[in-house]
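I have placed the structure first, in the form of structure tokens, so that the comments after it can refer back to it.
Counting starts at 1 for both ligands and their atoms, in listed order.
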Amino acid sequence: MASILKQTYSQRAANHTNPAAKALLETIARKRSNLCVSVDVTKKADFLRIIDVVGPYICLVKTHVDVIEDFDYSLVEQLQELSVKHDFQIFEDRKFADIGNTVALQYSSGVYKIAQWSHITNAHPVPGPSIITGLSSVGLPLGRGLLLLAEMSTKGSLAVGSYTEEAVRMARANRDFVIGFIAQRRMDGIGLRDGESSAGEDFLVLTPGVGLDVKGDGMGQQYRTPREVVLESGCDVIIVGRGIYGKDNGANPDAVRAQAERYRAEGWKAYQERIGSSA
Ligand code: 5BU
């Protein structure tokens, strides 16, 4: 069996049993896109317009649903309609970080009912394994998947060293629900104890902090190119926000479309180079 880095997304899809991981890998392969767009705008109309424009070029939409000022539940229904129309998965970047009981409530209930519509969500490992127990009690029966924040893209991040290693260990102990990481590189071999092996393990790595034109945002964000992320660091999905919808909340659909096409092409080229095939 070729190393994960050399396998195609569809070969890898066959090895996953978690429905969210499998669906994401299949979508990537079908659409020839490892691009996730992060739509961090505060108005429903902007949010939906951007997603309708970038829809054909992406595998995944990442949301911060709590920043939308005019939110009502019809937004979720419209997002779901767009996900069917354009064939993409949904990832609410909630970054849960509390005790198991609280995160289970935050995931299932409240205004947003995230587990009802988000195929993938994420959590900080800081509370320890009980955060996975809490979230999986809600998400696993619904076929959802969880990403652990093993690293962050920001300058001075504390998610390094033994913290990252413990995050990977927590994931290994919960492979039915934890489908991968938010990280800046592949986590294979990280945090292995004596006698352990990561052979056969295939965690997805989704990576924010991706930009082609600037290196940062003046607020701690650090950008790398799709090539650095996918080819040099072995990550699976590039997450791009402002690089695609710009400074004007995506007011110009042609400009947004052009950027989405550009990032899709760059991400896919880096993947093809990594696997050594143009298939
Ligand atoms: P940007 O506009 O491409 O900088 O947006 C990046 C998005 O990814 C934004 O929604 C962040 O909340 C998110 N993000 C990040 O930038 N870095 C991280 O380490 C994590 C999330 Br985790």
Side-chain angles (χ1 to χ4, degrees), residues 34-43 46-47 50-51 53-54 57-68 79 89-97 103 112 114 118 120-127 131 135 145-161 163-164 167-168 170-171 178-187 203-230 233 235-251 255-256 259-260 262-264 266-267:
N34 53 20
L35 172 63
C36 167
V37 173
S38 175
V39 194
D40 302 331
V41 295
T42 57
K43 297 282 187 298
D46 292 338
F47 179 82
I50 292 169
I51 294 173
V53 169
V54 302
Y57 310 102
I58 60 174
C59 57
L60 186 68
V61 161
K62 185 174 85 58
T63 58
H64 283 299
V65 72
D66 58 346
V67 306
I68 298 178
L79 175 61
Q89 303 286 298
I90 303 170
F91 164 25
E92 164 61 22
D93 185 2
R94 175 62 179 76
K95 298 189 180 73
F96 293 102
V103 295
Y112 302 117
I114 293 163
S118 186
I120 296 170
T121 191
N122 56 357
H124 285 291
V126 68
I131 192 165
L135 292 169
L146 183 71
L147 301 168
L148 287 181
L149 284 110
E151 294 179 326
M152 291 193 71
S153 61
T154 37
K155 206 164 181 233
S157 165
L158 303 182
V160 295
Y163 183 91
T164 301
V168 180
M170 277 170 58
V178 180
I179 62 173
F181 304 101
I182 299 289
Q184 297 293 308
R185 62 199 159 112
R186 280 208 77 74
M187 293 283 116
F203 288 113
L204 305 180
V205 179
L206 281 66
T207 304
V210 177
L212 283 162
D213 301 319
V214 287
K215 289 277 151 226
D217 67 353
M219 292 178 82
Q221 177 67 296
Q222 306 178 108
Y223 293 115
R224 295 185 300 156
T225 64
R227 187 183 167 85
E228 288 172 297
V229 167
V230 174
S233 302
C235 305
D236 298 313
V237 172
I238 54 171
I239 300 175
V240 185
R242 289 163 287 178
I244 288 181
Y245 62 78
K247 294 193 175 101
D248 57 359
N249 298 326
V256 175
Q259 289 302 335
R262 178 181 179 222
Y263 278 94
R264 190 212 68 82
E266 289 290 324

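For the atom pair CZ of R94 and OH of Y112, the computed distance is 9.5 Å after rounding to the nearest 0.5 Å. For the atom pair CD (Q184) and CE (M152), the distance works out to 9.5 Å, reported to the nearest 0.5 Å. Here the straight-line distance linking atom CG of N34 with atom CD of E266 works out to 11.0 Å at 0.5 Å rounding. A distance of 9.0 Å separates CG in D248 from CG in D46, rounded to the nearest 0.5 Å. How far CG of N122 is from CZ of F181: 12.5 Å, rounded to the nearest 0.5 Å.
Nearest protein neighbour of atom 1 (P) of ligand 1, counting heavy atoms only, is Y223 OH, 3.5 Å. Among protein heavy atoms, the minimum distance from atom 22 (Br) of ligand 1 is reached at L149 CD2, 2.9 Å. Nearest protein neighbour of atom 19 (O) of ligand 1, counting heavy atoms only, is S153 N, 2.8 Å. Atom 16 (O) of ligand 1 has Q221 NE2, 2.7 Å as its closest protein atom, hydrogens excluded (heavy atom only). The single protein non-hydrogen atom nearest to atom 12 (O) of ligand 1 is H64 NE2, 2.9 Å, given as residue, atom name and distance.
Residue G241 has at least one nitrogen or oxygen atom sitting less than 3.5 Å from a nitrogen or oxygen atom of ligand 1, judged on distance alone. Taking only nitrogen or oxygen atoms, main chain and side chain alike, Y245 does not reach within less than 3.5 Å of ligand 1. Considering backbone and side-chain N/O atoms, D40 comes within less than 3.5 Å of an N/O atom of ligand 1.
Residue D217 places every heavy atom at 4.0 Å or more from ligand 1. Within the 4.0 Å heavy-atom cutoff, K95 counts among the residues contacting ligand 1.
Using modelled atom types, one finds no donor on one side chain facing an acceptor on the other under 3.5 Å when comparing T154 with Q222. Side-chain contact annotation: S233 with R224, donor-acceptor N/O pair under 3.5 Å present. With 3.5 Å as the limit, one finds a donor-acceptor pair spanning the side chains of Y223 and R242. The closest side-chain donor-acceptor pair between T121 and E92, if any, does not fall under 3.5 angstrom.
The closest side-chain heavy-atom distance from V205 to V237 is not below 4.5 Å.
Within the 4.0 Å heavy-atom criterion, both parts of R242, backbone and side chain, lie near ligand 1. When heavy-atom distances to ligand 1 are checked against a 4.0 Å cut-off, D93 comes that close only through its side chain, counted from C-beta outward.
Among A183, A150, G243, P208, the residue whose heavy atom lies nearest to atom 20 (C) of ligand 1 is P208.
The S38 neighbourhood of ligand 1 comprises atoms 7 (C), 9 (C), 10 (O), with distances under 4.0 Å to a heavy atom of that residue. For ligand 1 and I182, the ligand atoms under 4.0 Å from any heavy atom of the residue are 22 (Br).
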